[in-house]
Amino acid sequence: MPELPEVEALREFLGEHLVGQEIARVVPLAISVLKTYDPPLSALEGQTVAAVDRHGKWLDLTAGELHLVVHLARAGWLQWKDEFPAVPPRPGKGPLALRAYLASGGGFDLTEAGTAKRLAVHLVHDAAEVPGVARLGPDPLADDFDRAAFAALLAGERRQIKGALRDQSLVAGIGNAYSDEILHAAKMSPFKPVQNLSEDETTLLYEALRATLSEAVERSHGVAAGRLKAEKKSGLRVHGRAGEPCPVCGDMIREVSFSDSSLQYCATCQTGGKPLADRRLSRLLK
């Protein structure tokens, strides 16, 4: 899933390539992609893109008085096109979910792999009209997101740290991959209850969060949209690397699997050498 660093890089890329361009038309090609119908997508025709913003993992394209707000979900992506094939795409065929044509002849495609169709596009007058945007917590890279603000968010929390970090209403933009990376950098178990964090541990977690996300954004700076996925994977230290050596201590990176996701961690760095219980594996061994 694209998370804050990748969506920020897409925002930067689109800011350079899309702002100032006139929209010719926007065509939905998957039934599930469009979540709003008033105003219609035809209202974008002839409008000039004035800005591209980011809200957590959401992209927000401003054109005239309208906002085209996009969430790429787990398997979605944006592909920039300098020109399109002469043959128009067939709705419902392949991963193509939406195509935006510019008056200049280029534009972009929104694609989504797999069968679980969660990519979402909203056309609204204000991005806050989108429920997923309205409920977002603060941006962790905002200038006013300091240690005190982070500690205030955690006050009263009784969840495990990883679940709290992934909650978009608590902190916007962090998903499965970067929560693993942040916790590895902070040397903390993903299962540690938030209420058990000491003041020093809260500081360590805050510093790891800011550093991990800032470094990922910096790595993605200037990377073309088509190479961002590879850039993300190359920069991850533990997420998606089960069975590989930890880059810090050399211990094997371990995994805990859930019904629809998994987490990766280093037992030596994060859990005092104790492997975390993998309930799915335990069931298989019975």
Side-chain angles (χ1 to χ4, degrees), residues 1-81 95-102 106-113 116-142 166-175 213 217 220 225 228-229:
M1 175 183 288
E3 299 179 32
L4 186 156
E6 295 77 49
V7 180
E8 175 62 19
L10 283 174
R11 182 205 64 76
E12 181 184 72
F13 177 87
L14 291 174
E16 296 173 355
H17 291 77
L18 190 59
V19 170
Q21 297 247 35
E22 179 185 330
I23 298 173
R25 59 194 175 105
V26 179
V27 181
L29 296 160
I31 295 174
S32 60
V33 68
L34 191 59
K35 306 304 180 184
T36 57
Y37 300 96
D38 185 19
L41 288 177
S42 59
L44 288 170
E45 295 174 8
Q47 299 290 341
T48 299
V49 179
V52 180
D53 296 300
R54 177 184 60 79
H55 313 288
K57 303 178 195 176
W58 296 79
L59 281 170
D60 177 6
L61 282 58
T62 302
E65 300 296 322
L66 298 173
H67 293 258
L68 188 70
V69 184
V70 177
H71 193 283
L72 295 169
R74 178 173 292 184
W77 198 245
L78 184 148
Q79 298 180 355
W80 181 260
K81 304 289 185 179
L96 190 56
L98 179 142
R99 175 164 288 176
Y101 295 88
L102 301 175
F108 64 85
D109 286 339
L110 295 180
T111 61
E112 185 171 26
K117 301 303 182 183
R118 296 173 180 156
L119 191 153
V121 175
H122 302 249
L123 184 61
V124 292
H125 293 283
D126 188 323
E129 296 174 29
V130 179
V133 173
R135 72 179 183 89
L136 289 176
D139 191 292
L141 292 185
R166 293 185 63 189
D167 182 352
Q168 300 304 292
S169 64
L170 188 74
V171 181
I174 301 171
L213 295 179
V217 168
S220 299
L228 282 171
K229 286 184 178 180

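Treat the numbers as computed from the prediction; the structure is a model and nothing was measured. Along the sequence shown, residues are numbered consecutively beginning with 1.
- Contact record, Leu18 with Val49: O-CB, 3.6 Å, taken as the closest heavy-atom pair.
- Lys57 places a side-chain heavy atom less than 4.5 Å from the side chain of Gln168.
- For the pair Gly175 and Arg166, the tightest heavy-atom approach, listed with the atom from each and the gap, is O-CG, 3.7 Å.
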Query raised in the report: Is there a ring-ring contact (aromatic ring centres under 6.0 Å, His included) between His122 and Trp58 once you walk through the steps?
Result: CA-CA 11 Å; His122 302 249; Trp58 296 79; 5.7 Å; yes
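- Contact between Arg54 and Glu8 at its shortest, heavy atoms only, is NE-OE1, 2.8 Å.
- From Leu170, atom CG reaches atom CG of Leu136 across 11.5 Å, with rounding to the nearest 0.5 Å.
- Of all heavy-atom pairs spanning Arg99 and Asp109, the tightest one is NE-OD1, 2.7 Å.
- You'll find the side chain of Leu78 reaches within 4.5 Å of the side chain of Leu14, heavy atoms only.
- Note that the CG atom of Asp126 and the NE2 atom of His67 stand 6.0 Å from one another [nearest 0.5 Å].
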Query raised in the report: Stepwise, does the side-chain contact (heavy atoms from CB on, under 4.5 Å) test hold for Thr36 with Val130?
Result: CA-CA 9 Å; Thr36 57; Val130 179; over 6 Å; no
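- Ring geometry for Trp80 versus Phe108: interplanar angle under 30°, hence parallel rather than tilted (30 to 60°).
- Among all heavy-atom pairs drawn from Pro28 and Leu41, the shortest one is CD-CD1, 3.5 Å.
- In this structure, CG in Leu59 is found 9.0 Å from CZ in Arg11, a value given to the nearest 0.5 Å.
- Other residues, nucleotides and ligands contribute at most 12 non-hydrogen atoms within 6.0 Å of the CD atom of Glu65.
- Taking 4.5 Å as the limit, every side-chain heavy atom of His71 sits out of range of all side-chain heavy atoms of Arg118.
- Leu119 and Thr111 make their closest contact through CD1-O, 3.4 Å (heavy atoms, listed as atom of the first residue, atom of the second, distance).
- Atom CD of Gln21 sits about 5.0 Å away from atom CG of Leu102, to the nearest 0.5 Å.
- Counting only heavy atoms from C-beta outward, the side chains of Leu110 and Leu29 never approach each other to under 4.5 Å.
- Under the 4.5 Å side-chain criterion, counting only non-hydrogen atoms from C-beta, Pro2 is not in contact with Leu10.
- In this structure, Ile31 CD1 and Lys117 NZ are separated by 11.5 Å, a value rounded to the nearest 0.5 Å.
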Report task. List the steps and the verdict of side-chain contact (heavy atoms from CB on, under 4.5 Å) for Leu66 and His125. Result -> CA-CA 5 Å; Leu66 298 173; His125 293 283; 3.6 Å; yes
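- To the nearest 0.5 Å, atom CD of residue Glu12 and atom NE2 of residue His17 are 10.5 Å apart.
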